[in-house]
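Structure first, then comments.
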Amino acid sequence: MPLGIDDALPFAVVLPAVAAVAAVVMPHWGRAVGLVGGLMTAAAVVVIAFGNRVGGPIRYALGGWPAPLGIELAADGLAVVMLALVATVMLTAGVYALRYFDHDGGAEPALFWPLALLLWTGLNALALSADAFNVYVTLEVVSLAGVGLCALGGRGEAIVAALRYLLAGMLASLLYLLGVALLYVEHGTLDIATLAQVAVTGAAGFVAVPCILAGLALKAALFPLHFWLPAAHANANAPVSALLSALVVKAALYLVLRWWLAGLGMGLGPILVQLLGALGAAAVLWGSVQALVAARLKLSVAYSTVAQMGYLFLLFPLAANPTTASTAWAGIVYLVVAHGLAKAALFLASGSVLRAHGHDRLGELAGLLPRSPITKFAIGLSGVSLIGLPFSGGFVGKWLLLNAAIVSGQWWWVALIFAGSLLAAAYVFRIVALLFAQSESPIDVAPQHSPMLMELPALGLALAAVGLGFAYPALESTLALPDMLGDHAR
Amino acid sequence: MTTVQWLPLAVISASLVPGLMNFFLGEERHGTRVALNIAAAVLKLTLVVVMLAGVSSGEIYEVRVRLLPTADLVLHADALSLLFVTLSASLWLLTTLYAVAYLDGSSHRSRFFGFFSLCVSATAGIALAGNLLTLLLFYEALTLATYPLVVHRGTQEALAAGRLYLAYTLSGGMVLLIAVAWLRSLVGPLDFVPGGLLREHYVDATKLVVIFALLVIGFGVKAALVPLHGWLPRAMVAPAPVSALLHAVAVVKAGVFGIVRVVYDVYGIDLAQSLGVLGPLAVFASVTIVWGSVRALQQDELKKRLAFSTVSQVAYIALGTAVLGPIATIGGLVHLVHQGLMKITLFFCAGNLAETLGIHHVSEMRGVGRRMPLTMTAFTVAAFGMIGIPPIAGFISKWYLGLGAVSVGAHWVLGVLMISTVLNAAYFLPTVYAAWFQEPEDPWPRESVSTRTIETRWMLLLPPLVTGAAALAAGLLAGGSLSPLAWAQFIVAQEYRP
Amino acid sequence: MTGLGYVVVGLVLAAMGIWGVVVLAHPLRKLLALNILGSGVFLVLVAVADRGAGQAVDPVPHALVLTGLVVAVSATALGLVLMLRSDDDRAAPSRDQSDDKGVG
Amino acid sequence: MTPAAPWQAVLLIAAPTLPLALTLLAASRGRLADLALRMAPWAALPALAAVAWADAVEVSVTWLMLGSHLGLDATGRAFLGFTAFLWLTAGIYARSYLTHDPSARRFFVFFLLSMSGNLGLIVALDALTFFLFFTLMSLASYGLVVHERTPENLRAGRVYIVLAILGEVLVFAGIVLVVAASGYTFPIAHREASSLAVGLLLVGFGIKAGALPVHVWLPLAHPAAPTPASAVLSGAMIKAGLLGWLRFLPLGVVELPGWGTTAVAVGLLGALYGVVAGLSQRDPKVVLAYSSVSQMGYLTMAVGLGLLAPALWPAVLATIVLYATHHALAKGTLFLGVGAAAGPRWLVVPALVLPALALAGASLTSGASAKAALKGVFFAVSMPGSEWLGALFTVATFGTALLMGRFLVVLSVRADTQHTIGGMAWGAWLVTVLAVATAALWIPGAQLVTAPEALWPVLVGGMVSLLLWRYGPRLEAWPRVVRVPPGDILDPLARWGMPVLHKALSGERWIERFERRGTIAVADQGRVLAVAARRTERRLHDWRLVGIALFLTLLSMVAVLLWA
Amino acid sequence: MNLLLGLADLVLGASLIGLGWSALCTRDLFAGCVRFIAFGLVMALVWARLRAPDIALAEAAIGAGLTGALLLAALRGIGVSGWARPGEDRDATEEPRP
């Protein structure tokens, strides 16, 4: 049987898994296995993206069993966007990690590649699954791989943070599972597309839907349930922080999008969508304030993730209005990608700073940031995208959300975007100002020079985040709402 | 007529590409950098001149790129664009020369010239923007490109000024963004149309008034309209070429250029008048004119005095825009160029005083005319121009403003001009007096350049002399066909075409 | 009827688990609580699968719970490892006070 | 007017531009500057030539400013005549007067600039060129006023520049209104000159013309300048204000009784007040300056008359031109004479009696002719109080004679002895004396007046002066009788006004204090808030709080769902 | 029969809740772990009662057995001295000392 484009779907899941196992088995070949496996996975993603572009949503039944019993994989526009984001960040962070762990004589933790590949497996599987329970399993795989990476080679704080991350993650998963179980009690199915339509019609739905939403909110670190995120992201190794902030939290959000897209959003009613939006707003404001007062660079960046995740919950109020649904939708997806790229870039660049100085206390970094313009540009450009200034992907996302808010007459969200952008500018420029500050100590502590392989990935991601600002026409068809509904909303 | 696409892009790239190249040029490659920047500036000026000739003969230059849903990135060269882009391109060349000499031997020059060029690119983008969204995009880009210049010195003071600058300009930018998004949601694409794009649409008047207010606030921040001007005097910590650029060419001009665009090409004069928004704008501008002058009078620090003077002078342009009728409009538009020439001269001269003799305060300027006669001659010409003394450029602006206001019955504007002239004289004449009529007392605060032949380095001296002469010529030869005034009349003839 | 009873028990266990995770301080207890929460959820699923005497058992929840058990034990194991590692770390106070604990 | 022939055009253009070009040369260094200085005294020659040969012609330069038009009409020709003459003699005089002055070059820079402005504004036919040269003259003559840099000079300069700028502003606004009403700058037309415009112009040019009460700079500034500069300031430049009125006011076009009456009243007041204030002065140049205030009062009255009675304007204009020419010559000669008195006083003081008589209006002099003409036009119109006019004129003539007597007395007691002048200067001065002596014969429109009423008040005034000098209180005691400080109302104004102004301008202090305090407060507040934010965030990291949050979130969602 | 089964269900349910509660709430961690193992065994019975023998086996092996073993091993690892203060509650975002 000749291989079709749809056969690429299982490959996208299986290849990283195989590579992960191989990396465990052959610890000395970890890098090679990781890179080769990564490249092959990326190739599969490219094929899927191509197929989606040419022929629309792709479906693949694992082992030949159709949906209700067997496991079905499907790649619609949203999935492709997610796969592409994951592949980009994974590969870049991987390249970065080549030098990150060893350039000052240290050794790469043996489990880095296996766990990263496992994470990739989980993320790809998550992106391609349409079944409420499979999604739970992939969510757990992602969580566990994430926790493992977080604890990797780290000392005290990182372990403590990882433990809390694990506990919170499990609690979230189980809450989600509880919701799914309750829905199953009522409706007897696990298909998201079906469940989302009927979720809030049955009695159990009144408890199940909040459980699902709360579980996902906890996983996505929505204020006030963000307590586990800053420490975990700030204390992990830089490439891991990038993966966690750019991808892992997005996994939960991806599920939110899936449920919403399948029709859950429409059933929630006007008050609940505003309530979720309000939590998002609180996250934007509080996360930004914390990023602004944080004493450490990576902590500030981590809080920025809390803030940026808040924007994504504006999906509920903004997309609930049919006239603005597609605009808001495109805006949210755009923000997901733009934030993923920019945040990964910022964490990678922070890692270079931290490596060069041995610490990342903002108060002591004035004028001592790396000499090379590459990292400076990476910090600056990713900051621009995070604030949402033109020309950058963040701007496009924000512009779309703003338009949705204005057209649907929800002026309070306009005010939020206004305040959020300014707060973002405040915390970003707090960091950027360090690039221009004069060294306070007369003795110029010559910082170690970061290797090119650490600087270029950061710059590459930052450039991608900015370049995304010009990519809207190219991505428009992929982001369009009807296409996204593709397979899952049968 | 054919539509030429490459030229607007080339004009922007002529500074953008060398700007980016600067960053990756080693700090020590001084000669290469100087050659690169000067060559780029000359190239850009050449391109602009080509475009100038083309536009005056009816050629159309336009590029359209899709960027967002129902919002294109449009670069379009019309007469108004050319007014601004010519100013920025020619002053960029001079400022580059000046900056080369001014920053001689200091650190971070690659960064400086890089952002300097980016700043000019953003300005060109603003000038050539063919719709409101494009204008907004480059407007924000300008904020980003100028921030590093403001904080260039990296001191605590500079960083604080940078923070303040960002706080103001980014807030303004967000206000603008909201206004643009709102307007777009009401009427669709926002391509500039002479006479106003809103002419074709029927929109609730209240909404239009609110949007107008938002737009003016957004642009008013950079234009430093009182009370949105707080950042400008503080931004004076930047090196002199930056101040020169900020005040004369890039930032404040971008703001006021935006206001001009909004009034003429978005709302249109008729609509703006019927909405009753021009009166408040004129009052806004007038308050700024007077307040800026009063504050300038109170400053002893030369650059701060000049900064507040900018606050006041730039509002003339807004005033000319807000006062109805073609004559006042000519006055406002031509002041865009005139103020640029005069203010850049003043900042060059202030920079020369600081760089050569360490003079930073008006009280230290005693007798400096004898030590640096050429610099102070240029300074005097520019200062007199600012006051509005004929035949220097500033007089022509004031003349048209006053005449335009009176011819539409707005006599009070004449009063504002009178008060402002008196105040201008009150804060400029003492500097001129001190320089020429007082005896030098002590040795200069810090005399660092000592040349036998001329008073300071020639690359510091030449730019102010050229701009000073240009300011004089722009007024003296205003009746000529190549003067800024003639161009402003050309623009106005298009805007007021029935 | 049996099923419904066990659903209730499952919910009570789940509630207890959530309560435990939140309120109990010791990480080990939190892990226990999470396991109890998981058991509660599984119980709900399996209780529904048992559609009463004479009717066929729904195989889907059984498959799910089996997977869930494996996931739960992996997570617990990871949690315990982390707990032990962080305890080691606490036992060495010098590391705690070292300047570079933000690193990595 | 007809377009000019090429050589006429050259003369017209050269009149203002030759001094300007010489200025640029003089400002340079080296031999060129020396050359320029040597040529400076003769810079007014093209203007004189233009008077002779460029009558009633016009040159247009469209690219200059907003289109420039130069030309000579009848009025302009007369003004250019006496102005160029005075500048020429003053220039020659100055060359010798400043021989030993190290900063002579600087003096000539400003001298030439002022000359360019003064000549240019006369040949300017359009509004903007007039304003351009008017401004040039106003600002450049500041350099003449403060030339000697003594504290008094500098104070005079300050007062001068403040009022000059004020004048500029008012004139600018007035011109804008005039041009806006007519729609073009050339020719200057008065179709519907508004009352506002007239008011602005009256005050604005009035400052230059030394009209009450904005004359205060004049008694300070005219004497402060070096003598040749005083001569042109008081003789020629003061007439620029007058010419401004003639050019821009709707004279002979519109009847403006309000402004007309005001101008007549102010002029009359000025004519009398100048005498009173001048009598108490101890400096000959200050006496002359007040005399100028007084004489310009007459001219102000005439302009007022023009506003009152448009029909009468041609006659009034002729009178004004005559009077202005006469005054320019006489006052210039008197001022130059102050410098000459440093030499043989026995010769100079008697020679000065001639212009003094002319100024007072004694028979056979140009003054008598001018005053007669003035009286003539005033009697031609009937207005309230015109029956008093004859008497008033007599009193004023008497006063002028008294003032001139006072001048001669003061001069013979305390002349300027610092500067001695050389042969060229003597020659120039003698030419002026001659010109004044014969003025009644050659000034166009002047007649030889022999009426006794033109003589006796002058004689009485002269006698009184002589008696006072011989038998009255000593010179130094005079001010105790009538004490008017130079600049009269300025002193109290400054004493009360300046502190208020300073207080107003020292606003900087509180604004900046406010800003600084604000910044500190914000920073403090920010730090407090940051600490609070971090503390709150740490609390949020407590599992129990998270539990409550989770519970509340769940509960609220359930509640909302149930409620909906 | 039904009554007996119902009684059994009641006992099983009650003991699940009781064991779970006491596993969480005993002061002694070791006792808590032991009770959790017991909880797992009861759970296995419940699975069996609910006609899910496969899960029952898995629960007995993994839930009670493996987890229990891991817990007890971990308890030994902590020793008696550890966890005087609950370490997980340490907030890893706190500022490091300068």
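First the proteins, then the strands, lettered A, B, ... as listed; each starts at 1.
Of the residues considered (D:Val531, D:Leu540, D:Thr553, D:Leu552), D:Leu540 shows the highest number of contacts with chain A, using heavy-atom pairs under 4.5 Å. Most heavy-atom pairs under 4.5 Å with chain A: of the set D:Ala530, D:Ser556, D:Gly526, D:Ala533, this distinction falls to D:Ala533.
Proximity to chain D is absent for every atom of A:Leu292, based on heavy atoms less than 4.5 angstrom apart. In this structure, chain D has a heavy atom under 4.5 Å from the side chain of A:Leu275, while its backbone stays farther away. Of the atoms belonging to A:Trp286, it is side-chain heavy atoms, and not backbone ones, that fall under 4.5 Å from chain D.
D:Glu148 and D:Thr150 share no donor-acceptor pair across their side chains, judged by distance under 3.5 Å alone.
Between A:Phe227 atom CZ and A:Leu218 atom CG the span is 6.0 Å, to the nearest 0.5 Å.
Using a cut-off of 4.0 Å between Lys/Arg side-chain N and Asp/Glu carboxylate O, D:Arg527 and D:Asp524 are scored as salt-bridged.
Classified by interplanar angle (parallel below 30°, tilted 30° to 60°, perpendicular above 60°), the ring pair D:Phe107/D:His147 is perpendicular.
The ring of D:Phe111 has its center closer than 6.0 angstrom to the ring center of D:Phe108.
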